[in-house]
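The structure appears below as structure tokens.
Numbering of residues begins at 1 and proceeds along the displayed sequence. Since the model is a prediction, treat every value here as computed from it, not as a measurement.
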Amino acid sequence: MNKPIQDNQLWPRLVVDNADRKPARQRKEKRNELQELFLTAPHRLRALDEGISFLQAWLPGFERVIATTTNECAVTTEIGIYQEPMVCGIELVFDNEGISVRFLPSAVENLVAVDAHPARKIPPTISVFDADGATAHKCLIASLSDQLAFEVLMYGTKEKDMGSCFQKQKRQIFFGLSNQGAQTMTTRAFDDMGLSDNLDCCMIDGGSARLERLHQLDAGKAWTIDRQVIPHFLRYVSELRQPMLLAVLNKACLQMKAGRLDGIAQHDSVFELTLGANRTYFDPAQIAEFWIVRSGSSLSLECYSASGACALVLAQHRAPESRFNASWTEILNSLPRLHKRQRG
């Protein structure tokens with residue numbers, strides 16, 4: 001009696017192992033924000049062949065805008081009028097009124113103007129992109145009286161060829177100053193650095209070099225605090241009406257607001273901070289390290305993401321001899337410290 005043949009007994013069974021292979025769709029390289037904008041924008045847009053000086057000339061002229069700066073952990077937005085945009089290496093000059101931004105010129109790669117889309121209620125927009133194609137800063141034109149000025153800006157400026165943004169290129173690390181100047185700044189003694197220098201160091205290379213240096217400083221110069229005290233700290237500062245400077249930053253742009261914390265709201269794990277016309281949102285759970293840093297006669301709170309980038313800075317902008325600086329220093333000194341974590 002013949003035995004029935006089962007399965008593939010007459011030849012070796014073919015086994016295909018796709019465990020380490022990804023479907024074709026998953027193997028495609030992810031598009032950055034700049035590429036996504038050019039491929040999906042449903043309305044007119046134009047890359048501008050200009051740099052920071054162009055932003056310094058045009059942004060303060062708009063009557064009413066919505067300015068937004070984001071990173072992986074925080075977003076800040078403000079409605080109003082721009083002060084003249086600043087650049088790294090220049091001393092901070094600003095007041096409590098208006099929108100204050102500070103750019104790292106060499107890290108700004110592209111400026112893109114996007115026309116309004118009335119059907120989707122999208123206003124005209126100027127977007128600033130860094131070398132990785134990420135949105136560093138966005139300006140939405142909110143006033144109808146600025147429409148004509150935006151048209152002049154968009155179509156009266158030389159257009160930049162954006163073919164290279166879809167080509168895979170090896171990127172270098174960009175600094176706002178020369179590489180040598182940036183390296184000098186990030187290695188200067190903290191006691192010799194003012195507020196402007198400290199903020200610039202938090203922007204250079206996303207603040208990664210500064211974070212590495214914080215891990216090497218002694219406990220009297222820099223120390224970490226527990227994330228659980230952050231909500232209590234913010235509420236206490238708000239109740240005291242303590243003046244401070246709040247900054248949200250990325251590799252190419254820093255947007256800041258000076259004043260008193262008017263209010264705090266919590267939406268699940270996200271905190272909303274209100275300083276005048278400014279709204280800042282961040283999730284303490286998304287921030288890996290909270291550092292208190294001593295520089296000169298003042299202290300600052302610097303918040304770093306899991307990737308090592310500086311996302312949020314709270315500092316004191318008043319004079320060192322000011323009673324506000326003294327109370328600010330006393331508050332930060334009172335926060336419970338953690339043992340510093342050394343990197344391997």
Checklist entry - Looking at side-chain heavy atoms only, is the closest gap between L199 and L245 below 4.5 Å? => result yes

Next on the checklist: Please report the interatomic distance OG1(T224) to CG(L338), rounded to the nearest 0.5 Å.
Outcome noted: 4.5 Å

Checklist entry - Between N250 and N71, is there a donor-acceptor pair closer than 3.5 Å when you use the side chain of the first and the backbone of the second? => result no

Next on the checklist: Quick one, F54 and I126 - any side-chain contact, counting heavy atoms below 4.5 Å?
Outcome noted: no

Checklist entry - Between Q242 and S327, do the side chains contain an N or O donor and an N or O acceptor separated by less than 3.5 Å? => result yes

Checklist entry - Atom CZ of R44 and atom OH of Y155: how far apart are they, to the nearest 0.5 Å? => result 3.5 Å

Item to check | Hydrophobic cluster membership, L299 vs Y236, 4.5 Å side-chain cutoff | outcome: yes

Checklist entry - Side-chain contact, heavy-atom cut-off 4.5 Å: L273 with I264? => result yes

Checklist entry - Any side-chain heavy atom of V229 within less than 4.5 Å of one from P336? => result yes

Checklist entry - Is a side-chain donor or acceptor of Q83 paired with a backbone partner of E97 at a separation under 3.5 angstrom? => result yes

Checklist entry - With side chains defined as the heavy atoms from C-beta onward, is the minimum distance between P231 and R235 less than 4.5 Å? => result yes

Item to check | Single-linkage hydrophobic cluster L140~L37, side-chain heavy atoms < 4.5 angstrom | outcome: no

Next on the checklist: For T280, run the side-chain hydrogen bond (donor to acceptor under 3.5 Å, both in side chains) check against T76, T274, T69 and tell me which one passes.
Outcome noted: T76

Next on the checklist: Quick check against the 3.5 Å criterion: does E289 have a side-chain atom that pairs as donor or acceptor with the backbone of E302?
Outcome noted: no

Next on the checklist: If hydrophobic clusters are built by linking Ile, Leu, Val, Met, Phe, Trp and Tyr wherever their side-chain heavy atoms come under 4.5 Å apart, do I225 and M244 end up in the same one?
Outcome noted: yes

Next on the checklist: Looking at Q56 and P85, would you say the former's side chain and the latter's main chain have a donor-acceptor pair under 3.5 Å?
Outcome noted: yes

Item to check | From CZ (F282) to OG (S269), nearest 0.5 Å | outcome: 10.5 Å

Checklist outcome for this item: To the nearest 0.5 Å, atom NE2 of H137 lies from atom CG of L59 at 6.5 Å

Checklist outcome for this item: All heavy atoms of A315 vs all of S300, minimum pair found to be CB-CB, 4.0 Å

Checklist entry - Would you call the rings of H267 and Y281 parallel, tilted or perpendicular if under 30° counts as parallel and over 60° as perpendicular? => result tilted

Item to check | Verdict with supporting geometry, T125 and S127, side chain to side chain donor-acceptor pair (under 3.5 Å) | outcome: CA-CA 6 Å; T125 304; S127 296; 5.8 Å; no

Checklist entry - Where is the tightest heavy-atom contact between I99 and A67, given as atom of each residue plus distance? => result CG2-CB, 3.7 Å

Next on the checklist: I need the minimum non-hydrogen distance between R294 and N333, along with the two atoms involved.
Outcome noted: NH2-OD1, 3.6 Å

Next on the checklist: Using a 3.5 Å distance criterion without hydrogens, assess whether the side chain of D200 forms a donor-acceptor pair with backbone atoms of C88.
Outcome noted: no

Next on the checklist: Would you say that S334 contacts F233 through its side chain, given a criterion of any heavy-atom pair below 4.5 Å between the two side chains?
Outcome noted: no

Item to check | Exam field: side chain R210 to backbone C201, donor-acceptor pair closer than 3.5 Å | outcome: no

Item to check | Shared hydrophobic cluster for V108 and Y82 (ILVMFWY, side-chain gaps under 4.5 Å) | outcome: yes

Checklist entry - Can V313 be reached from L92 by stepping across I, L, V, M, F, W or Y side chains whose heavy atoms are under 4.5 Å apart? => result yes

Next on the checklist: Is the shortest side-chain heavy-atom distance between M154 and D115 below 4.5 Å?
Outcome noted: yes

Checklist outcome for this item: Value for NZ (K221) from CZ (R213), rounded to nearest 0.5 Å, stands at 9.5 Å

Next on the checklist: Treating R102 as the side-chain partner and L249 as the backbone partner, does any N or O pair qualify as donor plus acceptor under 3.5 Å?
Outcome noted: no

Checklist entry - So, W328 versus H317, ring centres under 6.0 angstrom or not? => result no

Next on the checklist: Test your reading of the model: is there a side-chain donor-acceptor pair from S238 to the backbone of L234, 3.5 Å cut-off?
Outcome noted: no

Item to check | Over all atoms of both residues, closest heavy-atom pair of R227 and F290 | outcome: CB-CE1, 3.4 Å

Checklist entry - For the residue pair M203 and F103, what are the closest heavy atoms and their distance? => result CE-C, 4.3 Å

Checklist entry - Applying the side chain to side chain contact (heavy atoms under 4.5 Å, CB included) test to C73, which of V248, I287, L312 qualifies? => result I287

Item to check | Minimum heavy-atom distance between F129 and E33, given as atom pair plus value | outcome: CE2-C, 4.1 Å

Item to check | Verdict with supporting geometry, R241 and D262, salt bridge (charged side-chain N to carboxylate O under 4.0 Å, His left out) | outcome: CA-CA 8 Å; R241 302 292 293 161; D262 297 320; 3.1 Å; yes

Checklist entry - Partners of D49 by salt bridge (charged side-chain N to carboxylate O under 4.0 Å, His left out), sequence neighbours excluded? => result K158

Checklist entry - Checking R279 side chain against G276 main chain: does a donor-acceptor pair fall under 3.5 Å? => result yes

Checklist entry - Going by distance alone, is a donor N or O of one side chain under 3.5 Å from an acceptor N or O of the other, for S307 and S305? => result yes

Checklist entry - Is a side-chain N or O of D130 found less than 3.5 angstrom from the main chain of A107, in a donor-acceptor match? => result no

Checklist entry - How many angstroms lie between CG in L332 and CG in L314, if you round to the nearest 0.5 Å? => result 8.5 Å

